[in-house]
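We use all heavy atoms of the structure for the numbers below, so side chains are in, but hydrogens, waters and symmetry mates are not. Chain letters run A, B, ... following the sequence lines, proteins first, then strands; residues in each count from 1. As the structure is a prediction and not an experimental result, all values here were calculated from the model.
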Amino acid sequence: MSFVHLANFCAHIKNCTNVNISTTSVPFTRLHLQVALGLYKEGFISSISRGSITGPDVTPVDVTPDNISTRRLWLGLKYRNNQSVIRDISLVSKPGRKVNLTKEEVKALASGLTVRFIKPLQPAECIFIKNVKENEVIEIQEAAKRNLDGVALYRVK
Amino acid sequence: MIRTSLTAPSVYSGNIIRRWFSSSVGIYNQIKKDSEPIPSNHEQSSTQSHQEPETQQKQQSQTKKEEKTQSVKGEKQTPIKVSKHIEFLKKYYTPELLQSIQIAESVIDPKQVLELKKLGFRANSKVAPTNEFSDYSTNDPIWSEPIIYPNQADGRAPYPEIPDTRSSDRSDLKLRFKDEDTTKKSNTALRTNRQISEDLSKLTGLDARYIKNLYVRPIVMKRVSLKTSKGNIPNFFVLTVVGDKRGTIGLGIGKSRDGIRTAALKAHWNAVKNLTPIPRYENRTILGDFEYKFHAVKLFMKSAPAGFGLRVNHNIFEICQAAGIKDLRGKVYRSRNPLLVAQGFVEALTKQKSIEDLAAGRGKKIVDLNKVYYSH
């Protein structure tokens, strides 16, 4: 788990949305895949597909030590009325400072309160948490339902 | 042709015409008796020589006369030429006109005619002939325009010509019918609220009563001075917010040199022209929070619960009042320039995104928790 990689991921998506790019590729790693899946479930991106450096794979290709270096994860970005659906994507925990949230804090955040320095959730905004025990990236509402705690990763709106 | 002498402008005041006729009466009588035209011009040389622009025909007639007088050969030669001349003129003029023409021709000195002929095209005088008989004490109302300002002639003055209504031959006069509405209306810029609402309803298409009942508030009223080489020129600037307290607002700027009132009026006018709807949550606060940067103004506005009130910048307060926003909190950072704050806030309000749009973008369904969990 690298917050630097996550930061790069968020920055790249933000840059792409600023210039209305339809599909982008990010490094193919477990974290990126989890984050991308989280975004896809919430409806912020239109598609995820594995691919190479050149583009997404039309037919599925197994990842082998030979082609691992060229493997990328391709994301389809969404736009509506000349504006990106992802208006803002930013980190909560940064490489220099991690934000570990307890169960109560998670619930408070999920219900729209301010927790520490984290600004309250806005309408149609999502915060993603990483549960270290199960090593999964989950949305804060789901985490509140399941009584989980974790590290606040990033927020999207 | 010779007619021009009879219709000559300004020079011929009453005195002159009388004199001229008195001198020529004798000739006229002679003409009647003899049925032959003019005797020699030696009688007329003592009288005034009136220089006039002459046509070729006239000169020709004069030359004939000259020849007639200068030759002094006898009365036999002169009548032939003269009679020929008369016959020529008879084709074009009535006998009465002929007589007057002959009188006119008799007045002119042949020597002067020669001199004019020598000059050629320069014979046309650009200056009106002098009128030695007049002392310029009287002004002919028909022929002379009253001289009120210098350079008064043919569009040389910077304002339109003063029409000579008494003259018979003025084609530039236009018929004007009095427009009753314009005469009755006062020409001042200031209007009553009722007039404003009526005029604006015509312009915008909104109901006049709706415009009349709008909440109007000048936010910024200041006096700005334009510095020139000769000093300061004051100019008045007014920023007005207009709203129906139900989710429609408009910002308008008005400027005037006349005074603050006209500036405020213009601002009111422009504000109504700029009316736009803005979304509100539960008709009392903004949709969520927003951080908006407008030029150097950084706005951090947050929605507030019911009953909270407007705890905001005073300029934003006025705009909220006009819009019908009752609960709001927020801070203005960096610049707090009232004009920019107002403009920035209105822009931010219009750029709010409704939850429906956001959900549609993400492909999600909206569920109102109030209605799901609580029964009203």
Neighbour count >12 (heavy atoms, 6.0 Å) for atom CZ, B/Phe300: yes
A/Arg146 atom CZ: more than 12 heavy-atom contacts under 6.0 Å: yes
B/Lys212, NZ: over 12 other non-hydrogen atoms inside 6.0 angstrom: no
Between B/Asp244 and B/Tyr215, a side-chain donor and acceptor under 3.5 Å: no
Within 6.0 angstrom of B/Lys298 NZ, more than 12 heavy atoms from elsewhere: no
Contacts with chain B made by residues 39-60 of chain A (heavy-atom distance under 4.5 Å), listed by residue number: A/Lys41, A/Glu42, A/Gly43, A/Phe44
Over 12 foreign heavy atoms within 6.0 Å of NE2, A/His5: no
B/Ile253 side chain near B/Leu251 side chain, heavy-atom distance below 4.5 Å: no
Portion of B/Ala359 that has a non-hydrogen atom of chain A nearer than 4.5 angstrom: neither
B/Lys302 portion near chain A, given a 4.5 angstrom heavy-atom threshold: neither
Sub-4.5 Å side-chain heavy-atom contact between B/Ile316 and B/Leu328: yes
Intermediate values then yes/no, salt bridge (charged side-chain N to carboxylate O under 4.0 Å, His left out), B/Glu198 and B/Arg194: CA-CA 6 Å; B/Glu198 276 171 13; B/Arg194 195 166 142 270; 3.5 Å; yes
Neighbours of chain B found in residues 105-132 of chain A - heavy atoms under 4.5 Å: A/Lys119, A/Pro120, A/Gln122, A/Pro123, A/Ala124, A/Glu125, A/Cys126
Using residues 337-344 of chain B as the side-chain source, report each donor-acceptor pair under 3.5 Å to any protein atom, sequence neighbours left out, with the distance given to one decimal.
| residue | atom | partner | partner atom | Å |
| --- | --- | --- | --- | --- |
| B/Asn337 | OD1 | B/Leu339 | N | 3.0 |
| B/Asn337 | OD1 | B/Leu340 | N | 3.3 |

A/Thr64-A/Asn67 side chain donor-acceptor pair, cut-off 3.5 Å: yes
Distance-only donor-acceptor check, side chains B/Thr262 and B/Ser256, under 3.5 Å: yes
When A/Arg80, A/Gln83, A/Lys157, A/Arg87 are compared by non-hydrogen pairs under 4.5 Å with chain B, the top option: A/Arg80
Neighbour count >12 (heavy atoms, 6.0 Å) for atom NZ, B/Lys293: yes
Residues of residues 71-78 of chain A near chain B, each having a heavy atom less than 4.5 Å away: A/Lys78
Donor-acceptor pair between B/Tyr292 and B/Lys351 side chains, under 3.5 angstrom: yes
